[in-house]
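Remember, it's 1-based here, ligands and their atoms both numbered in the order they're listed.
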Amino acid sequence: METIKNYIEENRERFLEELFDLIRIPSVSSKAENKNDMFRAAEFIRDQLLKAGADKAEVYKTDGHPVIYGEKIIGDDKPTVLVYGHYDVQPAEPLEKWDSDPFEPEIREGKIYARGADDDKGQLFMHLKAFEFMMRTETLPCNIKFMIEGEEEIGSPNLKIFCQKYKNMLASDVILVSDTTMIARDIPSITVGLRGLSYMEVEVTGPDRDLHSGLYGGAVVNPVNVLSKMIASLTDENNRVTIKGFYDDVLEATDEERKELAKRPFNIDEYKKSINVDEVTGEVGYTTIERLGIRPSLDVNGIWGGYTGEGAKTILPSKASAKISMRLVPNQKSKKIDKLFEEHFKSIAPEGVKVKVRSLHSGEGYVAPVDSPAYLAASKACEDTFGKKPIPVRSGGSIPVVADFEEVLGVKSILLGFGLDSDAIHSPNENYPLYNFFKGIETIPLFFKYFAEMK
Ligand code: BES
Ligand code: MN
Ligand code: MN
């Protein structure tokens, strides 16, 4: 019988060529100019599903970018796995920081370099090829459904509605997602926690126009000075967030849980080296792993205002703005945090400025059990292909739709990602090691096999 290893060996070049064709479509969900590319990418994936042997696969229009749904049903008595992924990518900018064209994939030192190479085109492609293998060899042991969206990187504004509308069609026993990382190429892990997100934009306005900083400076409120002070006050000397009520719903980890977390291999020196910093910081009293996995955080993502062009221009600016995100832990509710943030931010504004606050997106965190059939199946599959039992980890990243799936579809997700922290997702020179790509293709059919056996 044809094994997955042989199948990969025989089809290796074709798999890569097909993935590269998908990567070449610049499906940047945040840009209006790429609207048509979103359709092209969706149709490409639909065709891949049909060629691989899906009973049906269709591109569904939404109020935003399209969703692809496809399925292969083998029997009412079989368990059903719904595969989720996203074909949209982050913008590639700044382009000058890339060593090769972000939308013309290139293999260097065993890695595919391109926007979306990992997040999430490379990872979702592993599922298409694992499905193709199971169809060719008639070894698909479960019903399989695919839901691939094009708006993950902009907060999935239409996917919850899609799930509500097609709840019956999407019925499944588990949702399988490859959009996370593993600890290292030889240390498999399964993500059992994701953080939520509240993402705000603020604007502080003083005088109704820029003023001469000599004629007015020192006598009139300066919105950039004010915004800087307001932002600085959002965290205290222990790097704790000062917003009233911010920590109210955070579940404190028990000593037992903290001991478990500390077991995961983690080298702080390598971590510092990987991002070129001499020191790490964060909430006092917690380790780096805890700061990422079980503690919320607040960060300014961008700040602007006043004169930033060449040379000096002596003005007192009229406006200052910032984008501020808060990563939340399970049990914190993003809508509540949005409100607490807005109230707090307005309350700390000094006299003489107007403050606007709006939410750009919000989503909930997620925790998954380590004893579910899906977890055990994923664990066994990784053990087979990596030769080691995977470690459960809590990731600092967010995939807000995973909590929506639980709420709307009533189904838990298994986060079986094969990326690495060093893949530079969202950054210049995003990459995905060929090793991880092919290991993923090898591991996925085993997940299906063990999941079917356990159900
Ligand atoms: N795939 C990532 C999330 C991720 C990466 C989770 C690595 C865990 C490990 C996803 O595409 C992403 O970037 N999510 C955004 C969410 C936002 C746009 C709503 C994030 O985390 O910033
Ligand atoms: Mn992703
Ligand atoms: Mn992403």
Side-chain angles (χ1 to χ4, degrees), residues 23 27-31 41 64-65 83-92 102 114-127 147-160 175-184 188-201 264 274 289 292-293 296-299 301-302 323-330 334 337-338 359-368 391-405 413-428 430-432 436 440:
I23 288 175
S27 44
V28 180
S29 47
S30 60
K31 292 192 181 183
H65 302 309
V83 175
Y84 164 82
H86 65 92
Y87 66 84
D88 65 319
V89 296
Q90 289 272 329
R115 173 56 85 233
D118 163 337
D119 187 12
D120 183 39
K121 288 175 175 170
Q123 295 221 52
L124 82 83
F125 219 76
M126 303 178 311
H127 288 275
M147 172 171 61
I148 313 293
E149 73 153 321
E151 299 192 308
E152 196 277 342
E153 300 291 6
I154 52 170
S156 306
N158 292 292
L159 199 67
K160 195 169 175 181
I175 299 168
L176 175 59
V177 183
S178 294
D179 194 23
T180 49
T181 50
M182 42 188 264
I183 295 176
S189 57
I190 295 171
T191 301
V192 293
L194 292 166
R195 288 199 285 186
L197 185 65
S198 277
Y199 197 117
M200 316 296 285
E201 185 167 317
R264 95 162 243 197
S274 73
I289 293 292
L292 292 169
S297 58
L298 181 148
D299 280 285
N301 296 250
K323 293 185 194 276
I324 301 173
S325 69
M326 290 158 282
R327 294 283 167 171
L328 311 176
V329 292
S334 61
I337 296 293
D338 289 353
S359 155
L360 295 188
H361 43 235
S362 40
E364 312 308 332
Y366 182 70
V367 265
I391 299 166
V393 296
R394 291 250 201 147
S395 171
S398 308
I399 311 176
V401 284
V402 170
D404 294 340
F405 295 157
S413 296
I414 176 83
L415 304 166
L416 183 58
F418 296 92
L420 297 176
D421 281 344
S422 54
D423 292 353
I425 62 172
H426 297 203
S427 297
E430 176 177 352
N431 63 86
Y432 195 34
N436 296 55

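Ligand 1 has a nitrogen or oxygen under 3.5 angstrom from a nitrogen or oxygen of Arg327. The shortest N or O to N or O distance between Thr180 and ligand 1 is not below 3.5 Å. At a 3.5 angstrom cut-off on N or O pairs, Thr181 does not count as close to ligand 1.
Of all protein heavy atoms, the one lying nearest to atom 17 (C) of ligand 1 is Leu197 CD2, 3.9 Å. Among protein heavy atoms, atom 4 (C) of ligand 1 sits closest to Asp179 O, 3.6 Å. Scanning all protein heavy atoms for the shortest distance to atom 11 (O) of ligand 1 gives Glu152 OE1, 2.7 Å. Among protein heavy atoms, the minimum distance from atom 16 (C) of ligand 1 is reached at Ser398 O, 3.5 Å.
Heavy atoms of Asp120 stay at 4.0 angstrom or farther from ligand 1. The shortest heavy-atom distance from His86 to ligand 1 is under 4.0 Å. Using 4.0 Å as the threshold, Leu415 has no heavy atom nearer than that to any atom of ligand 1. Within the 4.0 Å heavy-atom cutoff, His426 counts among the residues contacting ligand 1.
For the pair Ser413 (side chain) and Val402 (backbone), a donor-acceptor distance under 3.5 Å is absent. Judged by distance alone, with hydrogens and angles left aside, the side-chain atoms of Gln123 form a donor-acceptor pair with the main-chain N or O of Thr180 at under 3.5 Å. With hydrogens and angles ignored, the 3.5 Å screen pairs no side-chain donor or acceptor of Asp118 with any backbone N or O of Tyr432. Remark: side-chain polar atoms of Ser198 are paired, donor with acceptor, to backbone N or O of Ser334 under 3.5 angstrom. No donor-acceptor pair under 3.5 Å is formed between the side chain of Glu149 and the backbone N or O of Leu159. Thr181 places no side-chain N or O within 3.5 Å of a backbone atom of Asp421 that could act as its donor or acceptor partner.
When all heavy atoms of Phe418 and Met126 are compared, the closest pair comes out as CD1-CE, 3.3 Å. Heavy atoms only, all atoms of each residue included: Asn301 and Ile324 are closest at ND2-C, 3.9 Å. Gly116 and Val89 make their closest contact through CA-CG1, 3.7 Å (heavy atoms, listed as atom of the first residue, atom of the second, distance). Closest approach of Gly150 and Asp88 over heavy atoms only: O-CB, 3.2 Å.
Counting only distances under 2.8 Å, and ignoring water, the protein N, O or S atoms around the Mn ion (ligand 2) are His86 NE2, Asp119 OD1, Asp179 OD1, Asp179 OD2.
Shown here are the side chain to side chain donor-acceptor pair (under 3.5 Å) partners of Asp404, two or more places apart in sequence or in another chain: there are none.
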Next item on the list: Check the pair Arg394 / Arg195 against side chain to side chain contact (heavy atoms under 4.5 Å, CB included), numbers first and verdict last.
Entry: CA-CA 8 Å; Arg394 291 250 201 147; Arg195 288 199 285 186; over 6 Å; no
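Considering only non-hydrogen atoms, atom 9 (C) of ligand 1 lies nearest to Ser395 out of Gly417, Gly363, Gly196, Ser395. Here the shortest heavy-atom distance to atom 18 (C) of ligand 1, taken over Gln123, Glu153, Glu151, Arg394, belongs to Glu153.
Put simply, the residue from Ile425, Asp423, Leu420 that forms a side chain to side chain contact (heavy atoms under 4.5 Å, CB included) with Asn431 is Asp423.
For Thr191, no heavy-atom contact with ligand 1 is shorter than 4.0 Å.
Each of the atoms 5 (C) of ligand 1 lies under 4.0 Å from some heavy atom of Ile425.
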